[in-house]
Amino acid sequence: MCFIILKTYHDLLKIYGKQGWWPLTESNGYHPGNYGFPKTPNQSFEICIGTILTQNTNWKSVEVAISNLNRLQSLTPASLLALETSPLKEAIRPTGYFNQKSLYLQTFADFFLALKEQIPSRDELLALRGIGEETADSMLLYAFKQPFFIVDSYTRRIFSDLGIVEMKERYNSIQKKFHAVMEPEFSGFKRVQVYQEYHALIVQHAKLHFSGKRLKLLPR
DNA sequence: AACCAGGACGTGA
DNA sequence: TCACGTCATGGT
């Protein structure tokens, strides 16, 4: 298992190169090789908004929604919180679930303001409506640079196919396996970079080689 | 024309 | 805990 997790990471990196996630719209999208992002609280906030909006939805739709919010000058915590409900729903409509997501976004904006630029704990995030384990870890890893490996549906598919996890295995159980392998190999901020890249590579690979639930090609 | 996309949550068993 | 149903738009 240890070998497979590390080898797959290096294989994907070799095939696709650095992905430079999280894609930030207001700073010209991708920034491969530059791990300085996010540089400002507003950029961190934009990432968090993206993690909520992309739930069970295509990223292209999220880009449209974030662009809409930016046009309304509502991409900051305070301005998003102040935005009326109906224009907010209209702005994020392309991502679907706009009734719940509008509530989730403003709940989070309120929480983000109260943080005063401190780093939230995983439990604090999980206590918020609309933030489950994957979304919490996405925020922690990409917006707050904390070493939490993200387990999404692609991760389950790829690594269940490789025989080291079960499709309906508990989130924490799968995450532990990755943490156990990666932590001894990498340390400190390096581990954050690797977790960021690994998840991005998994998504990139899955986007290109999955059709529905069927795997068309495995890494090598 | 069904199927699914970088999920979360509520419900009844 | 487990298995389903619901939320909703947009692309293939």
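All values derive from a computational prediction rather than experimental measurement. Residue numbering restarts at 1 for every chain, and letters A, B, ... go by the order of the sequence lines.
- Within 4.0 Å of Leu53(A), counting heavy atoms only, lies no atom of the nucleic acid at all.
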Determine, stepwise, if the pair Ser79(A) / Gln73(A) fulfils side-chain hydrogen bond (donor to acceptor under 3.5 Å, both in side chains). CA-CA 7 Å; Ser79(A) 61; Gln73(A) 301 185 3; over 6 Å; no
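- Taking the P atom of each, dC4(B) and dC4(C) are spaced 16 Å apart, rounded to whole Å.
- Of all nucleotides listed (dA8(C), dG10(C), dA5(B)), dG10(C) comes nearest to the side chain of Pro94(A).
- For the pair Arg93(A) CZ and dC7(C) P, the interatomic distance rounds to 15 Å; values are reported in whole Å.
- Between Phe189(A) and Tyr35(A), the ring centre distance reaches or exceeds 6.0 Å.
- Straight-line distance between the C1' atoms of dA5(B) and dA3(C): roughly 22 Å, to the nearest whole Å.
- The CG atom of Asn58(A) sits 10 Å away from the P atom of dG7(B) (whole-angstrom rounding).
- No contact: Ile52(A) has no heavy atom under 4.0 Å from any strand.
- In this structure, Lys101(A) reaches neither bases nor backbone, as no heavy-atom distance under 4.0 Å exists between it and the strands shown.
- There is no side-chain donor-acceptor pair under 3.5 Å between Asp137(A) and Tyr195(A).
- Across the P atoms, dA1(B) and dC7(C) are found 23 Å apart, a figure rounded to whole Å.
- The separation between Asp152(A) atom CG and dA8(B) atom P is 10 Å, rounded to whole Å.
- Between dG11(C) and dA8(B), the distance separating the two C1' atoms is 23 Å to the nearest Å.
- Between the CG atom of Asn56(A) and the P atom of dT9(C) there is a distance of 14 Å, rounded to whole Å.
- In this structure, Leu126(A) and Ala136(A) approach most closely via the heavy-atom pair CD2-CB, 3.9 Å.
- Taken from CD in Glu134(A) to CD in Gln55(A), the straight-line distance is 8.0 Å, to the nearest 0.5 Å.
- The same atom, C1', is picked in dC9(B) and in dG10(C); the two are 23 Å apart, to the nearest Å.
- Candidate nucleotides dA5(B), dC7(C), dC9(B) were compared by shortest atom distance to the side chain of Tyr104(A), and dC9(B) ranks first.
- Here the closest non-hydrogen pair linking Phe112(A) and Ser44(A) is CZ-CB, 4.3 Å.
- Contact annotation for Phe98(A): backbone-only contact, meaning every heavy-atom pair under 4.0 Å involves sugar-phosphate atoms and none involves a base.
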For Asp152(A) and Thr155(A), run side-chain hydrogen bond (donor to acceptor under 3.5 Å, both in side chains): C-alpha distance rounded to whole Å, both residues' side-chain angles, the deciding distance at 0.1 Å, then the answer. CA-CA 5 Å; Asp152(A) 64 349; Thr155(A) 308; 2.5 Å; yes
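- Taking atom CZ on Phe108(A) and atom P on dA8(B), their separation rounds to 14 Å, with Å as the unit.
- Remark: Arg129(A) is in phosphate contact with dG10(B), judged by side-chain N or O atoms under 4.0 Å from OP1 or OP2.
- We find that CD1 of Ile92(A) is positioned 16 Å from P of dC7(C), with the value rounded to whole Å.
- As judged by a 4.0 angstrom heavy-atom cut-off over every strand, Thr95(A) is placed among residues making no nucleic acid contact.
- Between Trp21(A) and Leu128(A), it is Trp21(A) whose nearest contact on DNA chain B lies nearer the 5' terminus.
- Applying the 4.0 Å criterion to OP1 and OP2 of dA8(C), one finds that Asn99(A) has a side-chain N or O inside that range.
- Phosphate proximity of dA8(B) to Thr135(A): present, with a side-chain N or O under 4.0 Å from OP1 or OP2.
- Atom CD of Glu84(A) is separated from atom CD of Glu90(A) by 14.0 Å, given to the nearest 0.5 angstrom.
- Note: CD (Glu134(A)) to C1' (dA5(B)) measures 12 Å, nearest angstrom.
- Heavy atoms of Ser138(A) sit nowhere under 4.0 angstrom from any nucleic acid atom.
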Between Glu133(A) and Arg122(A), is the side chain to side chain contact (heavy atoms under 4.5 Å, CB included) condition met? List the steps. CA-CA 8 Å; Glu133(A) 294 182 292; Arg122(A) 193 170 190 268; 3.7 Å; yes
Could you go over nucleotides 1-6 of chain C and give all protein N or O partners under 3.5 Å, atom names and distances?
unit_1 : atom_1 : unit_2    : atom_2 : d
dC2(C) : OP2    : Arg170(A) : NH2    : 2.6

